[in-house]
Amino acid sequence: MKLSVRLVALAAVIATAACAPQTSGDSSSDKDEKTGTLRVWLFQEVNNAPKEKAVESVVAGFEKAHDGTEVTVEYIPVETRAERIKAAFNDPKSAPDLIEYGNTDTAGYVKDGGLADVTEEFGAWDEAKDTDPTARQSVTVDGKVYGTPYFVGVRALYYRTDVFDELGLEPPASQAELISTAREIRAAKPDLYGIAVGGAYTYGAMPFLWAHGGELATGKGGSYASAIDTPAARKGIEAYTSLFGDDNCPAAKCAGMGGNDTVTAFASGKAAMAIGGDFSHAAIEAGTVKGRYAVVPLPGVKSGSIAPAFAGGNNLGVLKSTSHRTLAVDLMRRLASKKAQGELFDAMGFLPTFSDVRQQVAAKEPFLKPFVKTLAADTKFVPASPAWAQIDASLVLPTMFQEVVSGKKDVAAASGNAAKKMNEAFGSVG
């Protein structure tokens, strides 16, 4: 038997989505072949070689275990994944058997009829019991499982130890302390943002909303309704938007900033604090603040509490159209196994989705402890609705924050307008 893995880099130019037919809701295959070639699409990273090496190891073991099989792995650009994957849902003959996908895309891909229901296989997998609950939620739609979590990402509070030491400050233990500390730093050092915040930084803002008891939406399946304009949510919006101003992060400069912008501001020494992910560590280490910062969980409303964080990350899913379902499920579980996720962390720094494996990697890498602590405290996820992709792409929440910080609307009016747009999106998907 010939054992090989062919790694093919896709061209950046992908056929436009306009050329693809409407997505089919029923592309399931009635075949379950136990030999042949499996096609896998994974996301291409900035530095892809370490990921390729980790994947090669898993695939080699899979091919050895399944005589007569071969795996072809293609690394696709994240920016063009939507067009490529939806086109695959429409054309089973050219579609892969297994894909990596962003965890906020789950509900949309299920609605499109592209992902296979693997509830039974996931439940029978012994390692699945240690999957983080929020990570499991990211592969679940209406009680059915459509893949397995691959890695998770979460945000915490980076702060400048040199600035805090100079001013005699302690890391904030509550959101009220965070706001007052940011203003104190700005007053003492006008050349710094106390904390870099962004009007377009949705997932940096959400912990404020969640910490105050607010939610993005309520319901499930096709019956979601926006909760962004509830009293609790408005308190969180008020707390976050209070950080925009000359006393911390001027709206003229910060209203348009996204997550990458705030991390860049911190890494370059322009901010004393920033909300960044475990995945931001490398960029900050490469900045001018190297050796002069630390990380703690983002505080909640009560002193000593931790604000709920958005659990981002990627999943793996088997396509409904595969003619190698049993093999594809086995490869999916091998790629997402505890051993493989540990190796992926070593290669790329991606946090495992298994609670016990995360504790192990945190013991090896002390900088991860605040992120692991955040994950253990509480995490949240976006509504499991295909409408979320539309809400996100339409910049509904960034628009709301920017309307408030610019003074165009108060919190009640801005959140009410956002709720209306969200409900229109939820209604449009049935």
Side-chain angles (χ1 to χ4, degrees), residues 23 25-26 43 81-82 85-86 89 99-123 125 128-129 131-155 202-203 205-207 209-210 213-230 232-233 236 308-320 332 336 353 375 378-397 418-430:
T23 305
D26 184 13
F43 289 160
R81 72 189 189 282
I85 291 174
K86 286 204 173 188
F89 291 167
I99 61 170
E100 178 181 355
Y101 64 93
N103 63 8
T104 59
D105 292 331
T106 306
Y109 289 168
V110 170
K111 181 177 185 292
D112 289 341
L115 295 177
D117 177 354
V118 295
T119 306
E120 184 176 345
E121 294 95 332
F122 188 86
W125 185 24
K129 69 180 186 301
T131 300
D132 176 85
T134 307
R136 176 166 182 151
Q137 181 187 350
S138 77
V139 293
T140 305
V141 178
D142 291 340
K144 296 181 180 180
V145 177
Y146 292 90
T148 184
Y150 193 32
F151 64 84
V152 67
V154 71
R155 294 165 177 82
T202 300
Y203 297 115
M206 287 301 96
L209 184 147
W210 288 322
E215 296 289 348
L216 293 172
T218 58
K220 64 179 181 179
S223 59
Y224 276 101
S226 175
I228 200 73
D229 60 344
T230 61
F310 169 68
N314 288 355
N315 301 329
L316 297 173
V318 173
L319 265 66
K320 188 187 291 186
M332 175 184 73
T353 63
L375 282 163
D378 190 14
T379 53
K380 296 280 191 177
F381 196 61
V382 299
S385 167
W388 180 255
Q390 178 182 335
I391 293 167
D392 199 28
S394 300
L395 304 178
V396 173
L397 298 183
K420 180 180 178 181
K421 291 179 181 177
M422 290 175 70
N423 286 330
E424 288 173 353
F426 287 135
S428 71
V429 299

Which atom pairs, one a donor and one an acceptor, fall under 3.5 Å between side chains of residues 114-122 and the rest of the protein, sequence neighbours left out?
residue, atom, partner, partner atom, Å
D117, OD1, T119, N, 2.9
D117, OD1, T119, OG1, 2.5
T119, OG1, V145, N, 2.8
E121, OE1, R325, NH2, 3.2
E121, OE2, R325, NE, 3.0
E121, OE2, R325, NH2, 2.8

State, yes or no, whether a side-chain contact exists between V110 and P386 at a heavy-atom distance under 4.5 Å.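 V110 does not reach P386 side chain to side chain.
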
Side-chain heavy atoms of Y146 within contact of K144, under 4.5 Å: yes

Donor-acceptor contact below 3.5 Å, side chain T131 vs main chain A128: yes

Should the pair E215-K380 be classified as a salt bridge under the 4.0 Å nitrogen-to-oxygen rule?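 Salt bridge flag = yes for K380 with E215.
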
Hey, is D229 close enough to K420 for a salt bridge, meaning N to O under 4.0 Å?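 Looking at D229 and K420, the cut-off is not met.
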
Mind running side chain to side chain contact (heavy atoms under 4.5 Å, CB included) on V139 and T148 for me, showing each step along the way? CA-CA 6 Å; V139 293; T148 184; 5.6 Å; no

Students often mix this up, so state it plainly: with edges at 30° and 60°, are the rings of F310 and Y203 parallel, tilted or perpendicular? parallel

Give the C-alpha distance, both sets of side-chain angles, the deciding distance and a yes or no for side chain to side chain contact (heavy atoms under 4.5 Å, CB included) between L397 and M422. CA-CA 9 Å; L397 298 183; M422 290 175 70; 4.2 Å; yes

Is there a ring-ring contact (aromatic ring centres under 6.0 Å, His included) between F43 and Y101 once you walk through the steps? CA-CA 8 Å; F43 289 160; Y101 64 93; 8.4 Å; no

State which residues pass side-chain hydrogen bond (donor to acceptor under 3.5 Å, both in side chains) with T104; sequence neighbours excluded, sorted by chain then number.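 side-chain hydrogen bond (donor to acceptor under 3.5 Å, both in side chains) list for T104, sorted by chain: empty.
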
Spacing of I391 atom CD1 and L216 atom CG [to the nearest 0.5 Å]: 8.5 Å

